[in-house]
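Side-chain atoms are counted along with the backbone in the values below, which use heavy atoms only and exclude waters and symmetry mates.
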Amino acid sequence: MAVRAYWKGSLKLSLVSCPVLLYPATTATDKTRFHMINRETGNRLKQQMIDAETGDVVEGEQKARGYELKKGEYVEIDKDELDAVQIESNHTIDIDSFVPKDEIDKRYLNHPYYIAPDGKAGIDAFAVIRDAMKQQDRVALARIVLTNREHVIAIEPLGKGLLGTTLRYPYELRDESGYFDDIRNPKISKDMVELASHILDTKAAHFDPSKFKDEYENALKTLVKRKAAGKPVKTAREEKPGNVVNLMDALKQSLKGSPSKRSSRISARRAAHRPAGKAHRSSARARKAS
C-alpha cells in the first residue's frame, strides 16, 4: 500500500522550481498502544471535558481556547482571531540559503521528511538542485508552512531524493549552561583515561541502526500475546546488580576478557615508571620465598 503524501507543493530555488511531495520519514504505527477500558465490562472508555471548578461536563459548543495570563486567569481567544494571524500556505518550499552541514547544531533537528518529485514534469529541475547540493556538500535552508505554522527546513540529498528536516527555533532550545555549569572538573589520572580509551577501542564500530533493539516494545508484544493466549506472565521485576563504586576497579573489570597490545603497553609503561627500589625489593622477596 502506497504511503499518502503529507504535503504537496513546489520546491523553489530562485527562478527554478519543481513540483514535489513530502512524506513523513518516521512512523509510530508499529508501536504497541493501549486503550482505556472498563475492567468490569471490557468496553472502551471515552474521555469528557470537565470544568475544573464546578465538576460539570462541558459540551462541545461551550469549549474555547484560553491563554493563562496568571494563575487561574485566562484571556479567551476565538477561532476567527486565530485564523486571522495564521500563516496561509502558498505550498512552496522557498530555499533561502545553503550552509555547510556540520554547522547545523543537532539540537535544532526536529522532524524528518522524504522529498520526492511529483510526476515527470519537474524531474530535471529536481535532479539539478539535488546534484548541485551533492557537489557542493551543502544543506539548503528553506521555509515551509505546515499546519498553519511556518517552519525552517534543512534539505539535503538522500539517495535519489531529498531529506528535509524541520528545525526548531532558538526559543525552543534550553541553554546548556544551566545544566553544565555546576559540573566540576575532577583530576583524573592518565592511567584511567588510557584504560577508558582502550575500552572505547574494543567497542569501536560503525553506525548500524538495524542492530537497535527496542527491548521494551518487544516485551510489550510478548506480554500481550501471552495474556491473549491465557498464559501466565511475570509481574515481579528482576533486581539489577549494584554499581561498582570504585572507578579504577570498574575500568579494570571492563577490560577483563579483552587483552590486546595496547593493554600490554600500559602494563609495560607502569613497570617502567615503578621506582628501582621497589623493583629491587620485589625481586628480593621473590628469591626469599623460593
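- The salt bridge (charged side-chain N to carboxylate O under 4.0 Å, His left out) search around K134 returns none, not counting sequence neighbours.
- The main-chain N or O of K8 is found under 3.5 Å from a side-chain atom of H91 such that the two form a donor-acceptor pair.
- Residues meeting the ring-ring contact (aromatic ring centres under 6.0 Å, His included) test with F207, sequence neighbours left out: F212.
- R226 places a side-chain N or O within donor-acceptor distance of the main-chain N or O of P232, the cut-off being under 3.5 Å.
- Here the CD1-CG distance, from I144 to L146, works out to 4.0 Å after rounding to the nearest 0.5 Å.
- In summary, K101 and D137 do not engage in a salt bridge, as defined by a charged side-chain N under 4.0 Å from a carboxylate O.
- Put simply, the side chain of Q48 does not reach to within 4.5 Å of the side chain of V58, judged on heavy atoms.
- Side-chain N or O atoms of T29 include none that pairs as donor or acceptor with a backbone N or O of T27 at under 3.5 Å.
- No donor-acceptor pair under 3.5 Å is formed between the side chain of D105 and the backbone N or O of Y108.
- Environment of CD in Q47: sparse, with no more than 12 heavy atoms of neighbouring residues, nucleotides or ligands closer than 6.0 Å.
- With respect to the salt-bridge test (charged N to carboxylate O, under 4.0 angstrom), the residues D78 and R65 do not qualify.
- A donor-acceptor pair under 3.5 Å links the side-chain atoms of E68 to the main chain of G72, judged by distance alone.
- Of all heavy-atom pairs spanning V139 and A154, the tightest one is CG1-CB, 3.8 Å.
- Here the shortest heavy-atom pairing between H151 and Y169 reads CA-OH, 3.8 Å.
- For the residue pair S177/D175, the side-chain donor-acceptor check at 3.5 Å is satisfied.
- Summarising the geometry of A142 relative to I95, their closest heavy-atom pair is CB-CA, 3.7 Å, with the distance given to 0.1 Å.
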(request) Tell me, with the steps shown, if E156 and R138 meet salt bridge (Lys or Arg N to Asp or Glu O under 4.0 Å). (result) CA-CA 7 Å; E156 59 186 297; R138 295 240 164 186; over 6 Å; no
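- For Y113 and Y6, the ring centers sit closer than 6.0 Å to each other.
- Using a distance-only test at 3.5 Å, with no hydrogens or angles considered, a donor-acceptor pair links the side chain of T166 to the main chain of H111.
- Under the 4.5 Å side-chain criterion, counting only non-hydrogen atoms from C-beta, K211 is not in contact with K213.
- Considering only heavy atoms from C-beta on, I155 comes within 4.5 Å of I115 through its side chain.
- For C18 against G122, the heavy-atom pair with the smallest separation is CB-O, 3.4 Å.
- The closest side-chain heavy-atom distance from R130 to L158 is not below 4.5 Å.
- Of all heavy-atom pairs spanning R107 and R168, the tightest one is O-NH1, 3.0 Å.
- Heavy atoms only, all atoms of each residue included: K31 and D214 are closest at NZ-OD2, 3.7 Å.
- A side-chain N or O of D208 and one of S210 form a donor-acceptor pair less than 3.5 Å apart.
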